[in-house]
Amino acid sequence: MRIGEAIALEWKDVDGCFIKVSKTLAQGEVSSTKTDNIRDIPIFDDLQPYLYAQRLETGLESRVFVGLNDP
């Protein structure tokens, strides 16, 4: 996953098994990914506690990583 894709990630893109990558954020603009492909990245068991902790941190914010290059 590219940095801009991670920064653009919203909680609706994360389910119990996969992270759906469909957009990127660069210079305050959200756009399609570099290859225009939608990818599903598996969520491994080791990642689950970190995602849970991040969800507690951001609450109901739409983006997973708030405060990073917010448009």
Side-chain angles (χ1 to χ4, degrees):
M1 183 178 249
R2 295 175 180 94
I3 293 172
E5 295 168 345
I7 293 171
L9 194 62
E10 297 180 23
W11 283 113
K12 67 181 182 178
D13 302 323
V14 180
D15 69 18
C17 299
F18 292 96
I19 297 172
K20 183 175 293 298
V21 179
S22 62
K23 58 191 168 295
T24 189
L25 180 67
Q27 299 176 350
E29 299 281 329
V30 176
S31 60
S32 60
T33 60
K34 188 175 181 178
T35 60
D36 287 331
N37 292 333
I38 296 174
R39 305 187 315 278
D40 287 333
I41 297 176
I43 298 174
F44 298 107
D45 292 339
D46 292 346
L47 181 58
Q48 291 289 354
Y50 296 103
L51 285 174
Y52 178 75
Q54 187 65 19
R55 182 65 182 245
L56 292 177
E57 184 72 26
T58 61
L60 298 176
E61 296 288 333
S62 64
R63 299 234 321 268
V64 174
F65 302 106
V66 296
L68 300 174
N69 292 337
D70 284 332

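When side chains are defined from C-beta on, Gln54 counts as touching Val64, because their heavy atoms get closer than 4.5 Å. The shortest side-chain heavy-atom distance between Val21 and Arg2 does not fall under the 4.5 Å cut-off.
Between the CG atom of Leu9 and the CD1 atom of Ile19 there is a distance of 6.0 Å, given to the nearest 0.5 Å. The CZ atom of Phe18 sits 14.0 Å away from atom CG of Asp13, with the distance rounded to the nearest 0.5 Å.
Checked against salt bridge (charged side-chain N to carboxylate O under 4.0 Å, His left out), Glu57 has no partners two or more places apart in sequence or in another chain.
A cation-pi arrangement is present between Arg55 and Trp11, with the terminal nitrogen or guanidinium carbon under 6.0 Å from the aromatic centre and inside a 45° cone about the axis.
Lys23 and Ala8 make their closest contact through CE-O, 3.4 Å (heavy atoms, listed as atom of the first residue, atom of the second, distance).
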Could you pull out every donor-acceptor pair under 3.5 Å between side chains of residues 38-49 and any protein atom, sequence neighbours left out?
unit_1	atom_1	unit_2	atom_2	d
Arg39	NH1	Glu5	OE2	3.2
Arg39	NH2	Glu5	OE1	2.8
Asp40	OD1	Lys20	NZ	3.1
Gln48	NE2	Gly16	O	3.0

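Thr33 places a side-chain N or O within donor-acceptor distance of the main-chain N or O of Asn37, the cut-off being under 3.5 Å.
Each of Val14 and Leu56 belongs to its own hydrophobic cluster when Ile, Leu, Val, Met, Phe, Trp and Tyr are linked at side-chain heavy-atom distances under 4.5 angstrom.
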